[in-house]
Amino acid sequence: MKLAILAGTRPDIIKLSPIIKECEGRGISYILIYSNQHYSSSLSTIFFEELSIPKPHHIIDYQGSKSSTYVSDLKQDIKEILKDKDFDYVLVHGDTDTALAGAMSAYEMDLKIAHIEAGLRSFDLNMVEEKNRMIIGHFSDLHFAVTGIQTKNLKDEGISSEKIFEVGNTIYDAVLDYIDLARSSSTIKVNLEVEDGEYYLFTSHRGFNVDNKTDLEETINLIGAIPGRVCWPIHPRTSRRIKDYNLELSENIVAMEPLGYLDFLKLLEGAKSVITDSGGVQEEAYILKTPCITMRESTERPETLYSEANVLVGRDIGKLHENLDRDIKSWSSPFGEGDTAKKIIEILSSCIKTA
Ligand code: UDP
């Protein structure tokens, strides 16, 4: 079996790490193509090191702001890397521009596409990620869905059931792989002088919360009004805006550079609750049993809403405050058993054998 694996962002590296380890462990031939979509080493290099996965075989790095031709530029570069090589599958993950460009490139080159984290839908087409997910879904030959919810979404869009495999989510594999190391090696709570259950964690990088001055100022005020310390590893996109708009953070906010994965997991596990607009953080909060408050009107991860492990509050300060100190009522994993990567590799291998 010969695979081409595409990653573009921090969550792609984290969520593909169990797949890469599975390939390494089984001696499967693969190349990893990484696009450094956020142009930031704090969101890339550290993850390859911390997660102990080999450096990408190919890095596509434009080192600048996103141009209007970004996806087509990526396509051109991806096609150059894929050409003349006989890949059985091109693996794309999630909903990034890189996954979109990868799926389109593979399609145009008549290569088979497998989509990991397939079928997630927020039903909010204002989110570019939703459009990407839908387009990738229609290019893909195999769909690795998380639960029955994604299977239904895909079937409702006309995808035939024999192409869909419910395998869980590799994020569960990744959290199980790294949480013990995070617990034993990260000194982040000592460094920040915070104690378990006595601080909140905040992350935000979605356009609707940070991309214009009024919205970002409101976001900062919402977090500033939380009665307690809020640790905020600030995404580079958000940092840039805070600087551009000359905004000040209130005293309860403990601002910091983006964290590595081990520090982030440790801080997430100890937080009283996490306030976020991230996709991956909603899942990890659920896995670590940290109550999650999502500053969005919709989520493509509805399984996290069950048992009130996660609540959607948008930008409603009343709802945000009401939910700050709640407990999770019950818990069972919607993300599989921590063997999702193994299942994906075995399914790919059997699909190749029967092709
Ligand atoms: N994360 C991290 N350090 C941070 C903030 C987040 O390692 O300072 C990890 C987090 O554990 C999760 C992923 O980054 O796995 C989420 O990335 P992000 O919010 O950028 O993207 P999204 O999931 O929304 O696509």
Side-chain angles (χ1 to χ4, degrees), residues 7-18 35-51 53 92-100 116-117 120 122 124 127-130 132-133 136 146 169-179 181-182 185-186 188-189 191-192 200-211 230-240 253-271 274-288 290 292 294-296 298-301 304 310 335:
T9 59
R10 161 172 80 180
D12 286 345
I13 308 170
I14 295 167
K15 290 175 165 184
L16 286 167
S17 67
S35 72
N36 196 15
Q37 204 177 296
H38 289 301
Y39 316 113
S40 164
S41 69
S42 63
L43 301 194
S44 59
T45 323
I46 184 170
F47 291 93
F48 290 101
E49 285 160 10
E50 275 196 344
L51 306 184
I53 48 171
V92 298
H93 174 265
D95 52 27
T96 59
D97 285 349
T98 305
L100 176 66
I116 301 175
E117 247 194 17
L120 272 68
S122 65
D124 176 1
M127 287 182 77
V128 63
E129 293 89 347
E130 181 74 356
N132 285 353
R133 286 189 281 265
I136 296 164
V146 182
N169 194 315
T170 55
I171 191 64
Y172 195 33
D173 307 21
V175 173
L176 294 180
D177 275 353
Y178 299 107
I179 189 65
L181 184 60
S185 70
S186 166
I188 187 74
K189 288 190 284 194
N191 302 349
L192 296 174
Y200 302 95
L201 178 61
F202 175 56
T203 78
S204 179
H205 67 92
R206 291 257 122 64
F208 46 75
N209 282 327
V210 306
D211 264 2
V230 182
C231 298
W232 183 6
I234 310 184
H235 193 283
R237 173 178 181 168
T238 312
S239 283
R240 271 195 299 275
I253 296 176
V254 185
M256 66 201 82
E257 294 290 311
L259 295 170
Y261 195 48
L262 301 178
D263 282 341
F264 189 79
L265 279 184
K266 179 121 167 185
L267 212 50
L268 178 59
E269 188 174 40
V274 60
I275 303 113
T276 192
D277 57 20
S278 160
V281 174
Q282 293 175 61
E283 295 162 344
E284 289 162 339
Y286 188 103
I287 293 167
L288 294 174
T290 300
C292 184
T294 298
M295 281 181 64
R296 285 166 48 176
S298 63
T299 180
E300 61 290 340
R301 289 152 165 103
T304 60
N310 182 18
F335 300 119

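If you read the sequence from its start, that first residue is 1, and numbering goes on from there. In each ligand, atom 1 is the first atom listed, and ligand 1 is the first ligand listed. Heavy-atom basis, side chains included; hydrogens, waters and symmetry copies ignored.
A donor-acceptor pair under 3.5 Å links the side-chain atoms of Asp277 to the main chain of Arg206, judged by distance alone. Remark: the backbone N or O of Ile234 is not paired with any side-chain donor or acceptor of Thr238 at under 3.5 angstrom. No donor-acceptor distance shorter than 3.5 angstrom exists from the side chain of Tyr286 to the backbone of Asn310, with no hydrogens or angles considered. Between the Asp12 side chain and the Thr9 main chain, a donor and an acceptor come within less than 3.5 Å of each other.
Ile116 is listed as a side-chain neighbour of Leu16, based on a closest heavy-atom distance under 4.5 Å. Considering only heavy atoms from C-beta on, Thr290 stays 4.5 Å or farther from Leu201 through its side chain.
Close approach to Pro258 involves these atoms of ligand 1, each under 4.0 Å from a residue heavy atom: 8 (O). Ligand 1 places these atoms under 4.0 Å from at least one heavy atom of Leu259: 2 (C), 3 (N), 4 (C), 7 (O), 8 (O). Near Tyr261, with a cut-off below 4.0 Å to any heavy atom, the atoms of ligand 1 are 7 (O), 11 (O), 15 (O).
At a heavy-atom cutoff of 4.0 Å, ligand 1 is contacted by the side chain of Glu284 but not by its backbone. Contacts with ligand 1 closer than 4.0 Å are made by side-chain heavy atoms of Pro233 only, the backbone lying farther away. Here Arg206 has side-chain heavy atoms under 4.0 Å from ligand 1, and that is the only part of it that gets that close.
Not a single N or O atom of Asp277, backbone or side chain, sits closer than 3.5 Å to an N or O atom of ligand 1. Looking at Arg10 next to ligand 1, an N or O pair under 3.5 Å apart turns up. Any N or O atom pair closer than 3.5 Å counts here, and Gly279 shares at least one such pair with ligand 1. An N or O contact shorter than 3.5 Å is missing between Phe264 and ligand 1 by distance.
Ion pairing between Glu269 and Lys266 fails under the 4.0 Å rule for side-chain N and carboxylate O.
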